[in-house]
Asker: 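Mind looking over this structure? Questions follow.
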There are 2 protein chains.
Amino acid sequence: MSEGVEWALHTCLNLTWVETDEAMTAARLAAFYELPTAYLNKQLQALARAGILTSTPGPRGGFRLARRPEHITLLDVVTAIEGPGEAFRCEEVLRKGPGGRAGVDYRKACVVSQAMRQAELAWRKELAGQTLADIKETVERRAPRTPASTRDWLAGRRP
Amino acid sequence: MSEGVEWALHTCLNLTWVETDEAMTAARLAAFYELPTAYLNKQLQALARAGILTSTPGPRGGFRLARRPEHITLLDVVTAIEGPGEAFRCEEVLRKGPGGRAGVDYRKACVVSQAMRQAELAWRKELAGQTLADIKETVERRAPRTPASTRDWLAGRRP
DNA sequence: GACATGTTACTCGGATATCCGGTGTCCGAGTTCGAGAGG
DNA sequence: CCTCTCGAACTCGGACACCGGATATCCGAGTAACATGTC
């Protein structure tokens, strides 16, 4: 799985702690974890295309969450970065076999493909059941100072 | 996910239908799906190293299942090909952040990492719950002629 | 006919190229802010 | 003092290199089977 997924998740989480009326630049968000700015920008663009973030150009521009954290699941973020394709992509190897028929869609008919799809479905379901708000709440319960310190750091006021 | 996983799964499934006392060469198994022989051989080596297959060199040599299909899960095959590492590998980005501590193992402490791990655990659990025998049984119920035709084809007796 | 033996052909196994997607970087299009001149 | 205009700086957005791992291939080590010669 791509490295950018981790960056995207943590960055989106950080965005839940900044004021919703001010946008955060890719440079500021990247500096938080000492990440390469341009590359994180690329990931943020993908999140914007997926409708998870909104981007505004020009001075005072940057990124902000497009909707409330309760309505952003981990699956949304992962899909935005990794793409909609499945991890196990059935290449329909059965078609080349001696019993292969031309008109059959082996992506649906193949038992192996079905089993792998079912497993991936369980994975997706687990990710879809966790929202950014859930993560945020858990973090705040374990480290109550995180929201204030993160907000202050991103606003430029180092503690 | 690697392409070889699909090949390995189908090949192992085919091996459940051949006589257990005769080994199948990589060339024969590859020809079944018109796959590149040498590359499939590489995957079969990985399965042998994982203890799923046994390999015997020389004439009349080849590969056979190391244990009964009931004791080979889909997770075993996937792990043998993809390696034991997790798809989402936490790089502990929090360590580089302003609140990062040196002595903390963020692979276990990070909430994001925990959520991703939990999802991957669900995926693994689903794969571990399906054995080659389950797949075999389902296929035989849907296409009863598959065992005989596969065994005959692999034995060199084309129908 | 049975057995020992050398040869041969066959198989896996690892070492070796090649290709593609993720990784990383850069510069241009578009926008907003602010300064400054004019009324 | 207010407003309009112009310029400039800042931001995202997409286009351009780079690299590691998956993909694909080949040849050598080892072994079982067979043919052959001998007892």
Side-chain angles (χ1 to χ4, degrees), chain A residues 1-8 11 15 21-31 33-66 78 80-89 91 93 154 156, chain B residues 1-8 11 15 21-31 33-66 78 80-89 91 93 154 156:
Chain A
M1 180 171 311
S2 177
E3 172 73 16
V5 172
E6 185 179 5
W7 301 357
T11 300
L15 281 175
D21 56 351
E22 55 181 335
M24 275 295 142
T25 77
R28 191 74 59 89
L29 292 167
Y33 293 122
E34 299 179 11
L35 301 177
T37 302
Y39 191 32
L40 178 64
N41 187 22
K42 196 182 184 67
Q43 317 288 357
L44 297 178
Q45 287 176 33
L47 292 172
R49 273 194 295 270
I52 296 173
L53 303 182
T54 59
S55 65
T56 59
R60 297 287 295 169
F63 295 92
R64 69 193 76 186
L65 289 180
V78 171
I81 303 296
E82 288 287 297
E86 305 195 346
F88 177 86
R89 51 198 158 81
E91 293 294 339
V93 73
L154 287 175
Chain B
M1 181 172 310
S2 177
E3 172 73 16
V5 172
E6 185 179 6
W7 301 358
T11 300
L15 281 175
D21 57 350
E22 55 182 334
M24 275 295 142
T25 78
R28 190 74 59 89
L29 292 168
Y33 293 122
E34 300 179 10
L35 301 176
T37 302
Y39 190 33
L40 178 65
N41 187 21
K42 194 181 184 65
Q43 317 288 355
L44 297 178
Q45 287 177 33
L47 292 172
R49 273 193 297 270
I52 297 173
L53 303 182
T54 60
S55 65
T56 59
R60 298 286 295 170
F63 295 92
R64 68 194 78 185
L65 289 180
V78 171
I81 302 296
E82 288 288 296
E86 306 195 344
F88 178 86
R89 51 198 158 80
E91 293 294 338
V93 72
L154 285 175

Asker: Got B:Glu3 and A:Arg89 here, is their nearest side-chain heavy-atom distance under 4.5 Å?
Answerer: yes

Asker: OH of B:Tyr33 to CD of A:Glu91: how many Å apart, nearest 0.5 Å?
Answerer: 14.5 Å

Asker: Would you name the heavy atoms of A:Ala66 and A:Gly51 that are closest together and state the gap between them?
Answerer: CB-O, 3.3 Å

Asker: I want to check something: taking the side chain as every heavy atom from C-beta on, are A:Asn41 and A:Phe63 in contact at a cut-off of under 4.5 Å?
Answerer: yes

Asker: Whole-Å distance between C:dG24 P and A:Leu35 CG?
Answerer: 9 Å

Asker: Compare all side-chain heavy atoms of B:Thr11 with those of B:Leu47 and state whether any distance is below 4.5 angstrom.
Answerer: no

Asker: Please state whether the phosphate of C:dT11, meaning OP1 or OP2, lies under 4.0 angstrom from any side-chain nitrogen or oxygen of B:Arg64.
Answerer: no

Asker: Describe the nucleic acid contact of A:Arg28 in one word from base, sugar-phosphate, nothing, applying a heavy-atom distance below 4.0 Å.
Answerer: nothing

Asker: What is the distance, rounded to the nearest whole Å, between atom CG of B:Leu47 and atom P of C:dC12?
Answerer: 13 Å

Asker: Quick check for you: to the nearest 0.5 Å, what is the distance between A:Glu6 atom CD and A:Met1 atom CE?
Answerer: 11.0 Å

Asker: A:Gln45 side chain N/O closer than 4.0 Å to the phosphate oxygens (OP1, OP2) of D:dG14?
Answerer: yes

Asker: Rounded to the nearest 0.5 Å, what's the gap from CG on A:Leu53 to CG on A:Leu29? Could you check?
Answerer: 9.0 Å

Asker: Give me the bend of the helix from C:dG1-D:dC39 to C:dG39-D:dC1, using the axes of the five pairs at each end, rounded to 10°.
Answerer: 10°

Asker: Could you go through nucleotides 21-26 of chain D and list every protein N or O atom that sits under 3.5 Å from one of its N or O atoms, giving the distance for each pair?
Answerer:
from: D:dT23; atom 1: OP1; to: B:Glu3; atom 2: N; distance (Å): 3.0
from: D:dT23; atom 1: OP2; to: B:Ser2; atom 2: OG; distance (Å): 2.6
from: D:dT23; atom 1: OP2; to: B:Tyr39; atom 2: OH; distance (Å): 2.8
from: D:dT23; atom 1: O5'; to: B:Tyr39; atom 2: OH; distance (Å): 3.2

Asker: Side chains of B:Arg64 and B:Glu22: closer than 4.5 Å at any heavy-atom pair?
Answerer: no

Asker: Measure the spacing between CG of A:Leu35 and CD of A:Gln43 and express it to the nearest 0.5 Å.
Answerer: 10.0 Å

Asker: Taking only N/O atoms, report every protein-nucleotides 5-11 of chain D pair under 3.5 Å with atom names and distance.
Answerer:
from: D:dT11; atom 1: O4'; to: A:Gly58; atom 2: O; distance (Å): 3.1

Asker: Heavy atoms, side chains only, cut-off 4.5 Å: are B:Thr37 and B:Thr25 in contact?
Answerer: no

Asker: Using 0.5 Å steps for rounding, measure from the NZ atom of A:Lys42 to the CD1 atom of A:Ile81.
Answerer: 11.0 Å

